[in-house]
Structure formats: structure tokens, C-alpha cells
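Indexing begins at 1, ligand by ligand and atom by atom, following the structure's order. Predicted, not measured: the structure shown is a model, and the values here were computed from it. Numbering starts at 1 and runs along the sequence shown.
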Amino acid sequence: MYVSDLALNDFRSYHEVVLALEPGPTAFVGPNGQGKTNLVEAVAYLSTFTSHRVAADAALVRQGAPGAVVRAKVVHEDRPTLVELEIVAGKANRARLNRAPARPRDVLGVLRTVLFAPEDLELVRGDPAARRRFLDELMVLLTPRLAAVRAEYDKVLRQRSALLKSAGAARRRGARVDLSTLDVWDGQLADTGAQLVAARADLIDRLRPHVATAYADVSGGQGTARIGYRASVDQADDLPLPTAAELDADDGARVAAVGREDALRAAPAVADRLRAALLRVREQEIERGLCLVGPHRDDLTLALGPLPAKGYASHGESWSYALALRLAAYEVLRGDDGAWGRDGEPVLILDDVFAELDVRRRERLATMVAGARQVLVTAADAADVPDALRGARFDVAEGQVTRRD
Ligand SMILES: Nc1ncnc2c1ncn2[C@@H]1O[C@H](COP(=O)(O)OP(=O)(O)OP(=O)(O)O)[C@@H](O)[C@H]1O
Ligand SMILES: [Mg+2]
């Protein structure tokens with residue numbers, strides 16, 4: 001798919017901008033702080049309802065304006081679809097599909113994007129939350145109905161955590177604590193949580209070969225990238241979690257890891273295990289006022305050869321690993337028909353990535369993505385855009401976006 005038209009009103013620094021885009025590579029070039037990232041951020045927002053730069057939508061609305069509108073025409077094969085989102089800070093988004101009001105969730109999945117940006121270094125270096133977000137966003141792009149499951153899980157988690165906290169406080173006061181409501185929350189947490197665990201485990205299985213290939217391609221064959229799922233339910237069940245070194249050296253450890261992850265892909269069985277684990281850790285949970293088992297405590301593990309990437313990989317290696325994760329996401333989406341029957345290939349967005357890579361990695365990346373249906377690239381310096389990605393070019397300066405061939 002590709003975006004043929006993009007229009008923004010009061011989004012970030014733009015009062016109004018209208019662009020006609022084409023398939024193939026397009027570069028947005030201009031000095032720092034001129035609005036290049038703002039443009040591609042808007043495109044990505046239409047596909048995920050989230051920004052790679054901020055958690056709250058308020059920053060997306062132009063300073064002083066009541067709300068922002070992002071509108072795009074998305075072409076799947078030859079069929080155009082008009083998608084529109086109105087962002088009002090602090091309120092739910094309003095969506096329109098082909099000019100008719102639609103529920104935001106019906107708009108999810110119409111436009112698929114994969115965005116790679118300097119912020120993605122967090123995927124390798126940051127907390128598990130960044131990696132969970134990576135998995136969950138991709139999972140929702142692939143299966144939009146899981147957005148509702150995720151929202152439900154978050155709600156149950158919040159309420160169960162609040163209950164644990166007040167139960168802990170009551171117990172410390174010496175008051176009697178009625179735990180019957182906790183049983184209800186346990187059941188809901190286990191049922192919704194198991195669906196997320198199963199979807200993530202399945203997704204990791206699909207990503208794994210692509211991550212290995214993409215890392216080998218970007219790095220020129222230096223090091224083997226291997227991803228895995230560390231599930232809190234496994235830890236609660238005392239299942240052995242092999243280290244990167246064991247996985248690298250020991251066939252038995254690898255076979256065991258595959259078996260453990262396979263077991264996570266069956267949601268009903270995971271729900272039973274979660275329920276049992278929650279009962280077992282209940283005392284601890286009440287004491288700490290925290291929910292200790294469930295997908296919110298899980299992680300995507302990243303190994304490079306015998307070592308974990310986090311804490312060991314160099315800057316360049318971490319960067320290449322993050323890139324490999326995004327490229328793998330791209331491949332998984334591309335190979336998936338999705339809700340649209342055909343043409344699941346996402347729009348690829350590379351925000352400011354070439355300046356960070358050495359010339360060889362830059363050329364390799366360009367060659368890898370040059371065949372994509374649409375690639376949007378931002379760069380401060382036109383010379384940083386590799387030749388293989390020469391296509392349409394826009395200059396971005398002082399709030400103006402000007403086509404330059
Ligand atoms: N909500 C907003 N209202 C008004 N201006 C905003 C808003 N959010 C961001 N900006 C402005 O947008 C500009 C940043 O734009 P953007 O991040 O797209 O720059 P860029 O061209 O990608 O720069 P760089 O090359 O440094 O990455 C900043 O000057 C910032 O002040
Ligand atoms: Mg930028």
C-alpha cells in the first residue's frame with residue numbers, strides 16, 4: 001500500500017499542509033527543527049494512533065489550536081481509501097473512513113506503517129516496556145481486534161492493582177480483608193492476559209527468522225541475533241529460562257526454549273497457568289501491592305551471539321539490532337494479508353537514520369529497502385540519503401514543504 005495524499009491541519013508545527021505523494025522512495029530534506037519528523041510522525045500516527053516521540057497526544061496539536069486533523073488517501077492495490085483522524089487533546093480521537101464517521105478502531109489497520117527512528121535505540125537499551133510496546137503495536141496492526149483485548153487487560157490490571165494495594169493497607173492496619181473480588185479479577189486477568197501472551201509468543205515466532213536475516217544483512221554477517229520471549233508465567237512456574245550463552249552453545253537448551261515458547265502460544269493453557277500462578281503469588285502481591293504475574297511483566301529478549309544485547313552490545317550493534325527488529329516487523333506485515341485481503345505491505349518510514357550509520361551499513365540498508373512499495377525518508381543533509389533511495393524529494397523549511405525533483 002502507499003499514501004497518495006496527505007493533509008495536515010494544526011498538527012505539530014503545521015497550520016496547514018497538503019502533499020501529493022508517490023509510491024517508491026520520497027525524501028524530506030531540510031535543516032534541524034523545520035518539521036520533517038512532524039510530517040512522517042503524522043503518517044505513522046494514522047496507522048497506530050501513537051507517536052514514537054510522545055506518550056500523550058497534547059504535543060501533537062499545534063500550540064494554541066483546539067485540535068489537529070490528519071487526513072490521508074491510502075491506496076491498496078488500486079483502491080483508494082480516505083482516512084481521517086481528528087485529535088483533540090484529552091479526548092478520544094474522532095475518525096472518518098471515506099468521509100463517513102467511523103469508530104477509531106475501524107480505522108486501525110487501514111494504513112500500515114513501520115517507522116524506524118533514533119528513539120528506537122530504546123528497544124535495545126531501554127526497559128522491557130519499550131519492547132512490549134513494540135510487540136503490542138505490531139500485534140494490533142496484524143490483528144486489529146486485539147486492541148480491545150489490550151485495553152481490557154490494562155483496565156483489569158489497573159483495578160486489580162488498586163485492590164491489591166488497598167488489601168495490603170487494610171491488612172497492615174489489622175483489618176479483615178475480603179478477597180472474593182480478587183478471585184473475579186484473577187479470572188479476567190488470566191483470560192485477557194493469556195490472549196496477549198499467546199499473540200506475542202506467536203508474533204515472536206514469526207519475527208525470529210526475519211530478525212536474524214535482517215541483522216546479518218545490516219551488519220554484513222557480524223554476529224547472530226536471536227530473539228525470545230521471557231514470560232513471567234514461566235518464571236512463576238519455575239521453568240528454566242536459558243541464558244544467551246546456553247542458547248548459543250547448547251542444543252538441549254535451544255530445544256527446551258522452543259518447547260517453552262510453543263506452549264505459550266496456546267491461550268487456554270496459558271490462562272490456566274496464569275490463574276494458578278496468581279493464586280500462588282497472592283500473598284506476595286498483597287504484601288507489595290503489585291500485580292506480579294502477567295504479560296505486563298514479560299519481556300522480549302534480544303541476544304547477540306552468546307551475550308544479551310542489552311548491556312553488552314556496542315552503540316552501532318544496538319542500532320543495527322533495533323533496525324533489524326523494525327525490518328523484521330516490515331517483513332512480517334508484508335507477508336500478511338490482514339484485514340484488507342491483499343496488499344498488507346506497509347509504508348516504511350526512516351526518520352533520520354542514515355546519518356547514524358557508517359557508509360557501508362547505509363548502503364546495505366538502502367539496498368534492502370529500495371524495493372519497498374513506499375519509503376519515506378527524512379534527512380537534514382541530502383547527501384546522507386543513499387543513491388539507491390533517490391526518488392521524489394521535498395524541501396522542508398520554515399513550515400513550508402516544497403516539491404523539488
Ligand atoms: N505542538 C506543537 N506546536 C507548535 N510547534 C511544534 C509543536 N510540536 C513541535 N513543534 C515544533 O516543530 C519543530 C520540530 O519539528 P521536527 O521534529 O519535525 O523537526 P525536524 O525537521 O525533524 O528536525 P531534526 O532534523 O532536528 O530532526 C520544533 O521547532 C518544535 O518547536
Ligand atoms: Mg527529525
Looking only at protein heavy atoms, identify the closest one to [atom] and say how far it is in Å.
{"atom": "atom 9 (C) of ligand 1", "value": "R12 CD, 3.7 Å"}
{"atom": "atom 25 (O) of ligand 1", "value": "K36 NZ, 2.7 Å"}
{"atom": "atom 16 (P) of ligand 1", "value": "N38 OD1, 3.5 Å"}
{"atom": "atom 26 (O) of ligand 1", "value": "N32 ND2, 3.2 Å"}
{"atom": "atom 5 (N) of ligand 1", "value": "S13 CA, 3.6 Å"}
{"atom": "atom 3 (N) of ligand 1", "value": "Q63 N, 2.9 Å"}
{"atom": "atom 23 (O) of ligand 1", "value": "G33 N, 2.7 Å"}

Look at the side chain of D10 and the backbone N and O of A65, then say whether any donor-acceptor pair between them is shorter than 3.5 Å. no
Check your understanding: Would you find a donor on one side and an acceptor on the other, under 3.5 Å apart, between the side chain of D136 and the backbone of R133?
Key ->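 Not a single qualifying donor-acceptor pair exists.
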[X] side chain near [Y] side chain, heavy-atom distance below 4.5 Å:
{"X": "E331", "Y": "L207", "result": "no"}
{"X": "S51", "Y": "L60", "result": "yes"}
{"X": "L274", "Y": "L189", "result": "no"}

Take atom 12 (O) of ligand 1 and look for protein heavy atoms under 4.0 Å from it; say yes if you find one, no if not.
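Flag for atom 12 (O) of ligand 1 set to true, protein heavy atom closer than 4.0 Å.
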| said: Determine whether any protein heavy atom is located less than 4.0 Å from atom 30 (C) of ligand 1. | reply: no
With rounding to the nearest 0.5 Å, note down the distance linking CG in L325 to CG in L300.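 If we round to the nearest 0.5 Å, L325:CG and L300:CG are 6.5 Å apart.
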**Asked** So, for P346 and R334, which heavy atoms are closest and what is the spacing to 0.1 Å?
**Response**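 Looking at all heavy atoms of both residues, the shortest contact is CD-N, 3.9 Å.
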- prompt: How close do D186 and R160 get, heavy atom to heavy atom, and via which atoms?
  reply: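 For D186 versus R160, the nearest heavy atoms are OD1-NE, 2.6 Å.
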Atoms in ligand 1 with a heavy atom of [X] nearer than 4.0 Å:
{"X": "Q34", "value": "19 (O), 20 (P), 21 (O)"}
{"X": "T37", "value": "17 (O), 18 (O), 20 (P), 22 (O), 27 (O)"}
{"X": "D352", "value": "27 (O)"}
{"X": "G35", "value": "15 (O), 16 (P), 18 (O), 19 (O), 20 (P), 21 (O)"}

Ligand 1 contact by [X], heavy-atom criterion under 4.0 angstrom:
{"X": "V61", "value": "yes"}
{"X": "R53", "value": "yes"}
{"X": "G30", "value": "no"}
{"X": "V396", "value": "no"}

Check your understanding: Is K310 atom NZ crowded by more than 12 heavy atoms from other residues, nucleotides or ligands, each under 6.0 Å away?
Key ->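 Yes, the 6.0 Å shell around NZ holds more than 12 heavy atoms from other groups.
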- [ ] Mark yes or no: R403 above the aromatic ring of F394, with NZ or CZ under 6.0 Å from the six-membered ring centre and no more than 45 degrees from the axis.
- [x]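 Flagged: R403 positioned over aromatic ring of F394.
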Taking both backbone and side chain into account, is any N, O or S atom of N38 nearer than 2.8 Å to the Mg ion (ligand 2)? no
Those residues at least two apart in sequence (or on a different chain) that pass side chain to side chain donor-acceptor pair (under 3.5 Å) with D205 are R208, R265
A59 to ligand 1: N or O pair under 3.5 Å?
yes
So that I can tick it off, tell me whether D237 and R280 are bridged by a salt bridge, with the cut-off set at under 4.0 angstrom between side-chain N and carboxylate O.
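Yes, charged N to carboxylate O under 4.0 Å.
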